[in-house]
Amino acid sequence: MDHKREVRVRIAPSPTGDPHVGLAYITLFNYVFAKKYQGKLILRIEDTDRQRFSPSSQTKIIEALNWLGLDWDEGPDKGGPYGPYVQSARFDIYKKYADQLVADGKAYPCFCTPERLEKMRAAQKDQHEHGGYDRHCRGLSPEEVAKEKAKGSLFVIRMMTPTQGMVSFRDEIRGQIDIAATQIDDQVLLKSDGFPTYHLANVVDDHLMAITHVIRAEEWISSTPKHVLLYEAFGWEKPQFIHMPILRNADRSKISKRKNPVSLNYYRRKGVLPQAMLNFLGLMGWSFSATCETFSLTEMIEKFTWNDIHLGGPVFDVTKLGRINFHYLQKMGEDAFVKHMRNEVFSDSYLKKIHPLVIDRMDLFEDFVDRFSFFFNGALKLDLAELLPKGINPVDFISFIEKLCLRVDMLELWKKDAIETELKALLTELGWKAKDFYMPIRLMTTGRKDSPPLVETLEALGKEIVRFRLFDALSQVKTDLAIS
RNA sequence: GUCCCCAUCGUCUAGCCCGGCCCAGGACAUCGCCUUUUCACGGCGACGACGGGGGUUCGAAUCCCCCUGGGGACGCCA
């Protein structure tokens, strides 16, 4: 590989939710590669989707990556010579480059409504065509464009892609990839709200930030030709592309929160050590040696080569993670152990959070561990027989848990009031008796009938663990029902 | 449906690029035995894979082709 230029790589998370293990995975390989060649790692926040944007997400992402000990050289929190590092703050830049493409005849305004596009896609599906925009607005005359604009019609800017030929690029670990131009449609570059799409923002920023290697997940392979076309339209030098395999669920589909806990905070809360997490992730698609599976970040950097990447999509099966964590636990030593227990497990902030919930429910401190262990546990043992309220039929009950899970997932702000509102809304929707509704939730999340007030307890437990326990309960109930 | 990527034990993988040392090595999980006043830890062992078919070759897990299987993409999401 050519490393004449300083290696500059980036991670580009979008702040749309909880920090994801997939992000940690891709960050790890970017980090290792950057360190290996004394390069720079850049953190860039891709917040161009205003619908899904979540204000707290950026902080959570930074905290999670800090926890893992993966540090970057430039980013929104650190600054750097190529800032700003948040795409919403670069709004005007994208507009400028989009306009330039339009002026050069390499992009054009499109006035198609979402409704028309939806119809078009439906028709394509019926006729089993390959899909993609039908270039309806590509041939619009300047007069027609002016007329539409005068009417105040909303429009997007689309890239003008070739209709024939081949677009090729080289993936550093997969070799040459050729995609027929007919497979590439006229991608939207600038949305009607003026924000860029990933494709535009990503290419523009990677170029302006002098990124040399784009290391991202496999799911991007089919959009890479669009990016290649953009680099060519601008006359810019392309970075090298490396597409890592994607992490999988047990059924081998792309890892998803429906089928796997994917929040890094969940694993942190569970008591996974950051070194163990990195070590485990390093084993996904890469191997240290034929016989040794535990290694430090430094050792990984020393031995790392792209040549050793195994392209089969690894199943994110945490069974082994436990064992690896055990290994790091053994090496911890007395002081580190005490420190970890104090700072992570029994942290001041967590104890303060649960203090009002437990203090009037214990006579002696000896009651604490016995009655409130669920504040520190992971999975709970559920008595399935007592879970189902009398008079509720099992099918409805399952559907209730599913709806509950969904609401928990969607809940961005994990605060008492928000949780309460959410629960009440679901209760109203179901029309159940309050007791039939709250007791199962209490049992599923705390494992006992006599917990402190439910909503406050849920808030203290945190979204990750509540979510996990509900999904766990759901699968247990489903299995139980399938058997009987 | 169209295109693209991928393919070794249940799971993570070594070996593949540069064919013979591989009737395929390690780890996790599972099971058994040993150690042990318990449980763990530890030690030893068992189970367990080259998806199928064609080539090329003296010889293929390794190279080529086809099939099959899995995955991804086809959004004014990233």
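Quick note on labels: first sequence line is chain A, next is B, and so on, each numbered from 1. Note that these values count all heavy atoms, side chains included, but never hydrogens, waters or copies made by symmetry.
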Between [N] and [X], is there an OP1 or OP2 to side-chain N/O distance shorter than 4.0 Å?
X       : N      : result
K191(A) : G75(B) : no
R174(A) : G72(B) : no
S289(A) : A14(B) : no
T197(A) : C76(B) : no

Atom [atom1] of [X] to atom [atom2] of [N]: distance rounded to whole Å?
X       : N      : atom1 : atom2 : result
D185(A) : G1(B)  : CG    : C1'   : 16 Å
W220(A) : G71(B) : CH2   : C1'   : 17 Å
L247(A) : G70(B) : CG    : C1'   : 16 Å
I26(A)  : G72(B) : CD1   : P     : 15 Å
I221(A) : U2(B)  : CD1   : P     : 20 Å
Y133(A) : A73(B) : OH    : C1'   : 21 Å
I184(A) : U2(B)  : CD1   : P     : 18 Å
D251(A) : G71(B) : CG    : P     : 7 Å

Taking only the side-chain heavy atoms of [X] (C-beta and beyond), determine which of [options] contains the nearest atom.
X       : options                : value
E293(A) : C77(B), A27(B), C76(B) : A27(B)
V188(A) : C5(B), C76(B), C12(B)  : C76(B)
R121(A) : C41(B), A14(B), C76(B) : C76(B)
K320(A) : A27(B), G75(B), A78(B) : A27(B)
S222(A) : A78(B), G72(B), C6(B)  : G72(B)
H310(A) : U11(B), C41(B), U13(B) : U13(B)
T319(A) : G72(B), A29(B), U2(B)  : A29(B)
I177(A) : C76(B), C4(B), C28(B)  : C4(B)
K254(A) : G42(B), G26(B), G72(B) : G72(B)

So what does [X] hit on the nucleic acid, given a heavy-atom distance under 4.0 Å: a base, only sugar-phosphate, or nothing?
X       : value
L154(A) : nothing
R158(A) : sugar-phosphate
G285(A) : sugar-phosphate
R252(A) : sugar-phosphate
S253(A) : sugar-phosphate
C112(A) : base
P314(A) : sugar-phosphate
F195(A) : nothing
D178(A) : sugar-phosphate
E219(A) : sugar-phosphate
V156(A) : base

Is there a side-chain contact between [X] and [Y] (heavy atoms, below 4.5 Å)?
X       : Y       : value
Y133(A) : C110(A) : yes
R216(A) : F241(A) : yes
L273(A) : M277(A) : no
T161(A) : D185(A) : no

Going by an N to O cut-off under 4.0 Å, is there a salt bridge joining [X] and [Y]?
X       : Y       : answer
K95(A)  : D99(A)  : yes
K78(A)  : D73(A)  : no
D251(A) : R248(A) : no

When rounded to the nearest Å, what value does the distance between [atom1] atoms of [N] and [M] take?
N      : M      : atom1 : value
A60(B) : C50(B) : C1'   : 11 Å
G69(B) : A24(B) : C1'   : 22 Å
G55(B) : A78(B) : C1'   : 44 Å
C5(B)  : A49(B) : C1'   : 23 Å
U62(B) : C17(B) : P     : 9 Å
U13(B) : A29(B) : C1'   : 14 Å
C65(B) : C4(B)  : P     : 14 Å
C6(B)  : A14(B) : P     : 15 Å

Could you tell me which nucleotide pairs with [N] by Watson-Crick or G-U wobble geometry, both distances under 3.5 Å, or answer none if nothing does?
N      : value
C18(B) : none
A7(B)  : U68(B)
U35(B) : none
C74(B) : G1(B)
C41(B) : none

Notebook entry, point to check: Do K303(A)'s NZ or CZ and the ring of F288(A) fall within the cation-pi criteria of under 6.0 Å and 45°?
Noted result: yes
Margin query: Base of C76(B), side chain of S192(A) - is there a donor-acceptor contact under 3.5 Å?
Written below: yes
Next item on the list: Assess whether one donor atom and one acceptor atom, taken from the side chain of Q124(A) and the base of G1(B), lie less than 3.5 Å apart.
Entry: no
Note to self: For Y97(A) together with W236(A), are the ring centres under 6.0 Å from each other?
What the structure shows: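 Distance test on ring centres: under 6.0 Å, yes.
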Checklist line | Partner of D409(A) under salt bridge (charged side-chain N to carboxylate O under 4.0 Å, His left out), chosen from K463(A), R467(A), K403(A) | finding: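 For D409(A), the salt bridge (charged side-chain N to carboxylate O under 4.0 Å, His left out) check succeeds only for R467(A).
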Next item on the list: Find which nucleotide of RNA chain B each of T16(A) and M284(A) is nearest to by heavy atoms, and output the residue with the more 5' nucleotide.
Entry: M284(A)
